[in-house]
Amino acid sequence: MKLLSATFISSFADVAKCPPPEKPEFAFIGRSNVGKSSLINMLTNMRKLAKTSVTPGKTQTINHYLINDSWYLVDLPGYGFASVSKSARAGFGKMIEDYMLKRENLYCVMILLDARHEPQKNDMAFIEWAGDKEIPLSLVFTKIDKLKPNELQKNIAAYKRMLLTRWEELPPIFLTSSEKGIGRDELLDFMDSAISSNPMPLK
Ligand code: GTP
Ligand code: MG
């Protein structure tokens, strides 16, 4: 897919205030600092579209970016950071949970995982929760520029092993580096084919 335009639309803390669910949508979720906002900038070729930071907890709201005037990329706050309310039912924050469960135009949740780390408890818990709720998901490994190829393969294999103890099938998996632009074409092609194979309305 050719990316022709990317425009910031809105930033809200409540799924009820998001833009009308009339266009396909892909959301980026993952622990704070995993690289969600950076990946949006990398995909759109715009260095400052989504705000990034070396300090975790930068993104605090649901941010919609309109791509090619026809579908949305969504940047979400991270889970596993102090800003996540302790009272939230699944522990990921009520905002994120509501968004995941209620957003009817959500084509796929892209779960970002730092390729440098072994499977983390809150990531596995989130994957499991989303899987149980039958939310379509993909796994996107980030920051692969920081790893040697053999370390990367080892960590991905550990994730796959862990997932296959719980699931019969693996979700789509992408390896990315926002720093180096790795994985851009693969992600955009994935979104393109998801949209073409299931045009709106979804139901
Ligand atoms: P929150 O909004 O706090 O949840 O974080 P986030 O997931 O949006 O992370 P963000 O994109 O702000 O990136 C966090 C830090 O990781 C920044 O310092 C980025 O420059 C860095 N970073 C993100 N992606 C990459 C990558 O692919 N390679 C390298 N080397 N650094 C990256
Ligand atoms: Mg962010």
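One-based numbering, in listed order, for ligands and for the atoms of each.
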- Item | Side chains of Leu175 and Leu152 in contact at under 4.5 Å (non-hydrogen atoms) | yes
- Of all heavy-atom pairs linking Met100 and Leu76, the shortest is CE-CD1, 3.7 Å
- Task: Could you pull out the closest heavy-atom pair between Pro56 and Ser32, with the gap in Å?
- Result: CB-CB, 3.6 Å
- Task: Answer yes or no: does an N/O atom from Thr176 fall short of 3.5 Å to an N/O atom of ligand 1?
- Result: no
- How does Asp145 reach ligand 1, if at all, at less than 4.0 Å between non-hydrogen atoms: by side chain, backbone, both, or neither? side chain
- Looking only at heavy atoms, the pair that brings Trp167 and Ile127 closest together is CZ2-O, 4.1 Å
- Query: So which protein heavy atom does atom 27 (O) of ligand 1 come closest to, and at what separation?
  - Reply: Ser178 N, 2.7 Å
- Message: Using side-chain heavy atoms (C-beta onward) and a distance below 4.5 Å, is Trp129 in contact with Ile135?
- Response: yes
- Task: Show which atoms of ligand 1 fall inside a sub-4.0 Å distance from at least one heavy-atom site of Ser38.
- Result: 10 (P), 11 (O), 13 (O), 19 (C), 23 (C), 24 (N)
- Nearest heavy-atom approach of Ile62 to Asp14 is CD1-C, 4.3 Å
- Applying a 4.0 Å heavy-atom criterion (strictly less than), which segment of Ser53 is in contact with ligand 1: side chain, backbone, both, or neither? backbone
- Item | atom 18 (O) of ligand 1 - nearest protein heavy atom and its distance | Val54 CG1, 3.3 Å
- Item | Closest non-hydrogen atom pair between Pro171 and Ser138, with its separation | CB-CA, 4.4 Å
- Message: Is it true that Thr61 and Ser11 share a donor-acceptor pair across their side chains at a distance under 3.5 Å?
- Response: yes
- Check the Mg ion (ligand 2) and write out every protein N, O or S atom at under 2.8 Å, as residue and atom. Ser37 OG, Thr59 OG1
- Minimum side-chain heavy-atom gap Met95-Pro77 below 4.5 Å: yes
- Note on the structure: closest protein heavy atom to atom 5 (O) of ligand 1 is Asn33 N, 3.0 Å
- Provide, to 0.1 Å, the distance between atom 9 (O) of ligand 1 and the closest protein heavy atom, together with that atom's residue and name. Gly35 N, 3.2 Å
- At under 4.0 Å between heavy atoms, which part of Met42 makes contact with ligand 1: side chain, backbone, both or neither? neither
- Task: Consider only side-chain heavy atoms of I, L, V, M, F, W and Y, link residues closer than 4.5 Å, and tell whether Phe28 and Met46 are in one cluster.
- Result: yes
- Query: Under 3.5 Å, side chain of Lys36 to main-chain N/O of Gly30, donor-acceptor pair present?
  - Reply: yes
- Query: Are any of the N/O atoms in Gly57 less than 3.5 Å from those in ligand 1?
  - Reply: yes
- What part of Ser32, side chain from CB on, backbone N/CA/C/O, both or neither, has a heavy atom under 4.0 Å from ligand 1? both
Please set out all donor-acceptor pairs under 3.5 angstrom arising from side-chain atoms of residues 141-149, sequence neighbours excluded.
{"unit_1": "Thr142", "atom_1": "OG1", "unit_2": "Val34", "atom_2": "O", "d": "2.8"}
{"unit_1": "Thr142", "atom_1": "OG1", "unit_2": "Leu113", "atom_2": "O", "d": "3.4"}
{"unit_1": "Lys143", "atom_1": "NZ", "unit_2": "Asn33", "atom_2": "O", "d": "2.8"}
{"unit_1": "Asp145", "atom_1": "OD1", "unit_2": "Ser177", "atom_2": "OG", "d": "2.8"}

- Message: Below the 3.5 angstrom mark, is there an N/O of Lys36, backbone or side chain, next to an N/O of ligand 1?
- Response: yes
- Query: Which option, Glu179, Lys180, Lys58, owns the non-hydrogen atom nearest atom 31 (N) of ligand 1?
  - Reply: Glu179
- Task: Name the closest protein heavy atom to atom 16 (O) of ligand 1, giving the residue it belongs to and the distance to 0.1 Å.
- Result: Lys143 NZ, 3.0 Å
- Element-labelled atoms of ligand 1 that are located less than 4.0 Å from some non-hydrogen atom of Ser177: 27 (O)
- Which ligand 1 atoms does Pro56 reach within 4.0 Å, using its non-hydrogen atoms? 3 (O)
- Item | Atoms of ligand 1, numbered as shown, that sit under 4.0 Å from any heavy atom of Gly78 | 4 (O)
- Query: Does any non-hydrogen side-chain atom of Leu170 lie less than 4.5 Å from one of Tyr159?
  - Reply: no
- Item | Residue Val34 vicinity, atoms of ligand 1 by number, heavy atom under 4.0 Å | 7 (O)
- Query: Would you say the side chain of Lys160 lies within less than 4.5 Å of the side chain of Ile173, judging by non-hydrogen atoms?
  - Reply: yes
- Query: Same cluster for Leu106 and Leu101 if Ile/Leu/Val/Met/Phe/Trp/Tyr side chains link at under 4.5 Å?
  - Reply: yes
